[in-house]
Amino acid sequence: MQYRDVIATALGQIAANKLRSFFTLLGIIVSVTFLIAVLAIIQGMNVYVQDNVAGAMIGTNTFQVRRSPINITRFADDDLDRIARRPIISKTDAAVVREVMPDAEAVSMQSGWPTPIADVTWRGRTVGDALVLGVTAPYQTVQDYRIAQGRPLTDIDEEERRAVVVLGADLAEKLFEEVDPVGKDVRLLGEWFTVIGVNARKGQVLGQSFDGFVLMPLSRFEMIYGRRNTTTVSVKVASAEEVAPAMARVEEALRVARHLRPTQDSNFSLETSDALVDFWRTLTRVLFAIVPAIVSIGIVVGGIVIMNIMLMSVTERTHEIGIRKAMGARARDIERQFLVEAIVLATLGGLLGVLSGWSMASAVAAASPLPARVTTWSVVLALSLGAGVGVAFGVYPARRAARLDPISAMRAE
Amino acid sequence: MSTTAERRAVVSTPGATPDKDWVIVTRGLKREYDMGGEVVRALRGVDIAIRRNEYVAIMGPSGSGKSTLMNLIGCLDTPNGGEYWLNGMLVSKMSDDQLARVRNKEIGFVFQTFNLLPRATALHNVELPLVYAGVSSDERKRRAKAALAAVQLDNRMHHRPNELSGGQRQRVAIARALVNEPSILLADEPTGNLDSATSTEIMKVFEELASTGQTVIMVTHEPDIAAHARRVVVLRDGLVASDDKRATFKQQMGLP
Ligand SMILES: Nc1ncnc2c1ncn2[C@@H]1O[C@H](COP(=O)(O)OP(=O)(O)O)[C@@H](O)[C@H]1O
Ligand SMILES: [Mg+2]
């Protein structure tokens with residue numbers, strides 16, 4: 001018997017029982033839909049984090065000198081204790097970095113996580129929950145902020161600890177509407193600040209506006225919040241290729257400045273946006289492991305349903321099997337016919353699941369800022385899961401069918 | 001023409017391989033069914049020898065073992081004892097796969113209950129033995145159409161069994177049995193489910209096949225149908241009770 005005939009027979013059988021085949025496959029379809037959709041969404045989030053979040057948080061072609069690393073999931077408890085005892089990143093450290101990086105686009109210092117939140121008031125109108133960032137002037141270069149109105153923060157603002165702020169576009173619009181904000185005095189944490197500029201709109205990342213910030217000189221920020229141990233130095237270089245050598249230079253200079261012996265580990269961390277992506281990946285890797293595990297349970301259940309239906313089908317088609325054997329079908333022809341039918345059925349379930357998962361992921365992509373990415377490997381995984389289930393749960397019914405004796409099988413009706 | 005004595009000589013020589021001229025030779029063929037302790041002895045040692053081109057009717061009362069014998073000759077079943085030679089091959093020692101191959105190549109079987117695939121068209125039903133013979137699709141179609149044309153069903157090729165009359169179904173079954181050009185055509189009460197007019201029609205088909213040289217072995221209850229055959233074997237209680245040429249049988253039955 002030729003394979004074409006085997007597959008044609010299987011498809012004919014499935015087509016003859018469309019509704020039953022569909023219900024048989026429901027378990028597999030739902031499981032695979034879930035698998036494809038969830039993996040596509042996670043994959044989309046990965047891409048999104050890589051393309052938007054990481055760059056937006058840290059800046060392009062930028063690395064940070066931090067007291068603690070971004071991705072702490074990599075560290076054991078005693079490492080974390082050591083990190084907790086590290087000195088904070090000080091103005092002296094920033095000066096060292098500035099000195100070894102004279103050709104950097106910008107070297108800035110800024111307040112770190114968690115970013116404090118405050119209400120901003122102007123003439124009785126209050127906008128709540130503005131994120132307050134203490135930054136040195138070059139931070140605006142690091143983040144590629146464009147000034148829309150007024151002027152940016154300057155080194156003099158920093159030195160003189162001036163009570164001035166640059167507002168994000170959203171914040172300025174909510175607070176001032178049609179009025180020109182430049183030169184107006186706003187109240188923030190019980191103090192008066194003069195608005196010197198408004199940043200151009202940067203847009204949203206992960207539904208989070210990057211235009212709701214209040215930027216103030218870091219020196220002024222520390223007068224309010226004190227010296228925080230998450231202060232960070234950012235270094236922006238001209239191109240991506242320059243990041244790695246610059247990091248090496250900065251690391252060396254800081255080790256010298258902090259009098260570390262060659263055997264000692266650095267008591268600071270250097271991070272690029274890769275670390276952020278990495279951190280995110282660590283989180284999603286867990287999901288990547290868990291989702292297929294959950295899905296496998298669904299698929300095994302789906303496989304058992306297929307096995308049941310195939311056994312039922314063997315019983316119903318005993319007469320047919322008898323006829324086929326009488327006409328010269330060998331046991332292995334019958335076995336192959338039923339096995340192929342189970343595989344085609346289960347793979348079809350996988351295929352339908354891929355399609356419905358795909359459309360679900362596309363729907364999510366259309367309705368949210370997340371790009372959903374259906375990857376080749378998840379499709380391959382889904383289809384091979386389907387085929388695998390077909391084999392695993394098709395063998396037993398197929399063997400049963402193959403073992404039937406032609407005479408008694410033909411007598412069955 | 002062979003004589004009864006000649007046949008006896010062939011079947012009663014133990015260990016000898018019969019010459020190629022004998023399509024079927026059985027020696028002491030036994031088939032027992034174990035019905036939970038009680039043994040039903042359906043065949044108790046059947047000796048039979050059939051030459052190429054013979055047209056043989058098998059008769060006997062119900063339960064005498066006719067179908068059991070046909071199933072053994074048709075390689076659908078294996079004996080508990082004795083030997084069965086088909087075209088000089090010792091079938092009684094063959095594996096299941098070899099038996100499947102013999103069924104496919106050497107045997108055309110027509111059943112009382114037609115045994116057609118209910119959802120397949122007449123054409124596809126006739127193609128079935130060729131599918132398992134590994135014949136290509138085009139060749140299969142060509143040969144199946146020719147076989148259906150030979151039983152005057154070329155205008156019913158795409159009908160399913162439930163769209164055909166009983167006589168037409170049995171013709172499809174005959175076309176299916178012949179499509180692989182088997183060395184023997186077996187029929188177990190092929191008219192048992194048909195009215196007398198249709199029976200006559202179907203018997204005419206077998207008659208014609210036999211007259212063109214097809215070896216035919218047929219089980220039947222009806223003496224006038226058996227009268228078409230040139231040789232009649234009568235079974236009784238799992239043994240051959242008589243095995244005679246048509247003339248003898250006619251005399252036995254008091255027919256002209
Ligand atoms: N599958 C079977 N299991 C048990 N007994 C059977 C089976 N097939 C046939 N027999 C018995 O064998 C004997 C011969 O049956 P069968 O060959 O069908 O007779 P016939 O076709 O001449 O009417 C009967 O007694 C029948 O009951
Ligand atoms: Mg019978």
Practice task
Please indicate whether B:Arg236 has more than 12 foreign heavy atoms, meaning atoms of other residues, nucleotides or ligands, lying under 6.0 Å from its CZ.
Solution key: no
Handout entry: Neighbour count above 12 (heavy atom, 6.0 Å) for B:Arg101 CZ
Key = no
Practice task
Please report the closest heavy-atom contact between B:Ala100 and A:Ala329, naming both atoms and the distance.
Solution key: CB-O, 3.8 Å
Completion exercise
Scored by heavy-atom pairs under 4.5 Å with chain B, the best of A:Ala331, A:Gly328, A:Gly322, A:Ala16 is A:Gly328
Exercise for the section: Using a 4.5 Å cut-off on heavy atoms from C-beta on, say whether the side chain of B:Leu117 contacts that of A:Met327. Expected result: no
About how many Å separate [atom2] of [Y] and [atom1] of [X], when rounded to the nearest 0.5 Å?
| X | Y | atom1 | atom2 | result |
| --- | --- | --- | --- | --- |
| A:Arg411 | B:Phe111 | CZ | CZ | 11.0 Å |
| A:Asp5 | B:Arg140 | CG | CZ | 4.0 Å |
| A:Ile407 | B:Met70 | CD1 | CE | 12.0 Å |

Problem - Pick from B:Leu99, B:Asn104, B:Asp96, B:Thr113 with the largest number of heavy-atom pairs that fall under 4.5 Å of chain A - result: B:Asn104
Exercise for the section: Select, from B:Leu76, B:Asn180, B:Asn115, the one with the greatest count of heavy-atom pairs under 4.5 Å involving chain A. Expected result: B:Asn115
Practice task
Please flag which part of B:Leu116 lies under 4.5 Å from any non-hydrogen atom of chain A: side chain, backbone, both or neither.
Solution key: backbone
Problem - From CA spacing to verdict: side chain to side chain contact (heavy atoms under 4.5 Å, CB included), A:Thr9, B:Val131 - result: CA-CA 11 Å; A:Thr9 310; B:Val131 167; over 6 Å; no
Exercise for the section: List the steps, then state whether side chain to side chain contact (heavy atoms under 4.5 Å, CB included) holds for A:Gln13 with B:Arg119. Expected result: CA-CA 10 Å; A:Gln13 193 61 40; B:Arg119 276 200 307 270; 2.9 Å; yes
